[in-house]
Amino acid sequence: MYLIADAGSTKVEWTLADKGSIVKTVYTRGINPIHQSQYEIYAIAKECFDALGECTIDSIHYYGAGCIGGEVNARVKNSLLSVSGITPEAITVESDLMGAARALSNGESTVACILGTGSNSCYFDGVAIVDNVPPLGYILGDEGSGADIGKRIVSIVLKGLVDDNFKQALYTYAETDYAGIIDRVYRKPEANRFLASFAQFAHAHLDDERVWNIVSESFMSFVERNLLSYSSIRECRLAFVGSVAYNFRDVLDGVLSSYGLQIDAVQQTPQRGLVEFHKED
């Protein structure tokens, strides 16, 4: 049996599989090795293994946010080694972007995109990632992500650009006020997760023209600052994975259509595709 981890900053989906069939799925807190220590990663991985119980795992395929290689990936691998007890050769650690590309491509040339807490994209030739526009994170980039949508919505509220009813609805959702939001964004850790949580608020208020326009503008930024940089964007498949792409599919379709682009596939998570990809390993 093999274990696949789809690790985002907000949550990790761990899927135990056997020859292409899903045996069990476990969810834990998110992992991002850029911001977390090896001990913190180990503690989260242990939550998964405790939930799985007694079972024989032959290999682990970890795809995660923040897995940029080198010491960062080694920190994840060492944590998995400690908690699983299997051999180092049986554990692979790759970026979440590689996971998305493998899950979405069906072995074909694909521009694969992630729209979740953060965002990312690449041109995948069916075997390897050959081009990638740097996502730059939620401060400098991550256009089209939950964090970007949340940042845009919170901004119009705190700047007083909405009516009192809308403002109060957001404060009620966040269970805090102006000062509390400022504190969470500028003084507390994981501001990206906090901002991304407002994507759910946006989804619940999509019938509000202001919210629809904010989500549309966020996706337009993703297209203009990322997708249009790929010279092959109009000649190959275009596919998305992630909660934002999945839940805002109607808005995303409309924005892409305005640029003459069309989605070939959208998956909420890459797990089904990765289970299939690794079944012969």
Could you grab the distance from atom [atom1] of [X] to atom [atom2] of [Y], nearest 0.5 Å is fine?
{"X": "Lys167", "Y": "Ile156", "atom1": "NZ", "atom2": "CD1", "answer": "12.5 Å"}
{"X": "Ile41", "Y": "Leu80", "atom1": "CD1", "atom2": "CG", "answer": "8.5 Å"}
{"X": "Tyr39", "Y": "Lys46", "atom1": "OH", "atom2": "NZ", "answer": "9.5 Å"}
{"X": "Ile182", "Y": "Arg187", "atom1": "CD1", "atom2": "CZ", "answer": "8.0 Å"}
{"X": "Asp131", "Y": "Ser231", "atom1": "CG", "atom2": "OG", "answer": "7.0 Å"}
{"X": "Met220", "Y": "Ser258", "atom1": "CE", "atom2": "OG", "answer": "6.0 Å"}

[X] vs [Y] side-chain heavy atoms within contact, under 4.5 Å:
{"X": "Leu97", "Y": "Phe124", "answer": "no"}
{"X": "Val244", "Y": "Phe219", "answer": "yes"}
{"X": "Asn120", "Y": "Asn132", "answer": "yes"}
{"X": "Ile4", "Y": "Gln271", "answer": "yes"}
{"X": "Ile153", "Y": "Phe201", "answer": "yes"}
{"X": "Cys113", "Y": "Phe222", "answer": "yes"}
{"X": "Phe194", "Y": "Val185", "answer": "yes"}
{"X": "Ile91", "Y": "Ile86", "answer": "yes"}

Residue pair [X] / [Y]: nearest heavy atoms and the distance that separates them:
{"X": "Val12", "Y": "Ala5", "value": "CG1-CB, 4.2 Å"}
{"X": "Gly180", "Y": "Thr176", "value": "CA-OG1, 3.0 Å"}
{"X": "Asp6", "Y": "Pro270", "value": "OD2-CD, 3.1 Å"}
{"X": "Val111", "Y": "Cys236", "value": "CG2-SG, 3.6 Å"}
{"X": "Glu143", "Y": "Leu115", "value": "O-CD2, 4.1 Å"}
{"X": "Asn106", "Y": "Arg237", "value": "ND2-NH2, 3.8 Å"}

Do [X] and [Y] meet the criterion of a side-chain donor-acceptor pair at a distance under 3.5 Å?
{"X": "Tyr230", "Y": "Ser121", "result": "yes"}
{"X": "Thr25", "Y": "Trp14", "result": "no"}
{"X": "Arg152", "Y": "Ser221", "result": "yes"}
{"X": "Asp148", "Y": "Ser218", "result": "yes"}

Contacts of type salt bridge (Lys or Arg N to Asp or Glu O under 4.0 Å), residue [X], not counting sequence neighbours:
{"X": "Arg184", "answer": "none"}
{"X": "Asp58", "answer": "none"}
{"X": "Glu190", "answer": "Arg193"}

Could you tell me whether a side-chain N or O of [X] sits under 3.5 Å from a main-chain N or O of [Y], the two making a donor and an acceptor?
{"X": "Asp18", "Y": "Ser21", "answer": "no"}
{"X": "Tyr27", "Y": "Cys48", "answer": "no"}
{"X": "Glu217", "Y": "Ile214", "answer": "no"}
{"X": "Asp163", "Y": "Asn165", "answer": "yes"}
{"X": "Ser145", "Y": "Gly118", "answer": "no"}
{"X": "Ser232", "Y": "Glu235", "answer": "no"}
{"X": "Thr110", "Y": "Glu108", "answer": "yes"}
{"X": "Lys19", "Y": "Met1", "answer": "no"}
{"X": "Asn78", "Y": "Ala74", "answer": "yes"}
{"X": "Arg272", "Y": "Ala103", "answer": "no"}

Chi angles and distances behind the side-chain contact (heavy atoms from CB on, under 4.5 Å) call for Ile114, Ser119: CA-CA 5 Å; Ile114 299 172; Ser119 70; 5.9 Å; no
Neighbour count above 12 (heavy atom, 6.0 Å) for Glu71 CD: yes
Neighbour count above 12 (heavy atom, 6.0 Å) for Gln262 CD: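 At most 12 heavy atoms, drawn from other residues, nucleotides or ligands, come within 6.0 Å of this atom.
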Evaluation steps, side-chain contact (heavy atoms from CB on, under 4.5 Å), between Ile31 and Gln36: CA-CA 7 Å; Ile31 295 176; Gln36 292 168 309; 3.6 Å; yes
Are [X] and [Y] linked, directly or through other ILVMFWY residues, by side chains that come within less than 4.5 angstrom of each other?
{"X": "Ile149", "Y": "Ile181", "answer": "yes"}
{"X": "Leu227", "Y": "Tyr246", "answer": "yes"}
{"X": "Val255", "Y": "Val211", "answer": "yes"}
{"X": "Leu274", "Y": "Val93", "answer": "no"}
{"X": "Met98", "Y": "Val275", "answer": "yes"}

Ring-face cation of Arg210 near Phe166 (centre distance under 6.0 Å, axis angle within 45°): yes
Intermediate values then yes/no, side-chain contact (heavy atoms from CB on, under 4.5 Å), Phe248 and His203: CA-CA 7 Å; Phe248 293 92; His203 190 262; 3.7 Å; yes
Qualifying residue, where the test is side chain to side chain contact (heavy atoms under 4.5 Å, CB included) with Leu252 and the options are Asn247, Val223, Ile263: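 By the side chain to side chain contact (heavy atoms under 4.5 Å, CB included) criterion, Leu252 pairs with just one of Asn247, Val223, Ile263: Ile263.
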CA sep, side-chain torsions, deciding dist, call: Phe49, Leu3, side-chain contact (heavy atoms from CB on, under 4.5 Å): CA-CA 10 Å; Phe49 278 78; Leu3 181 66; 3.9 Å; yes
Intermediate values then yes/no, ring-ring contact (aromatic ring centres under 6.0 Å, His included), Tyr173 and Phe198: CA-CA 8 Å; Tyr173 172 83; Phe198 289 96; 5.8 Å; yes
Centroid separation Tyr178 to Tyr171 less than 6.0 Å: no
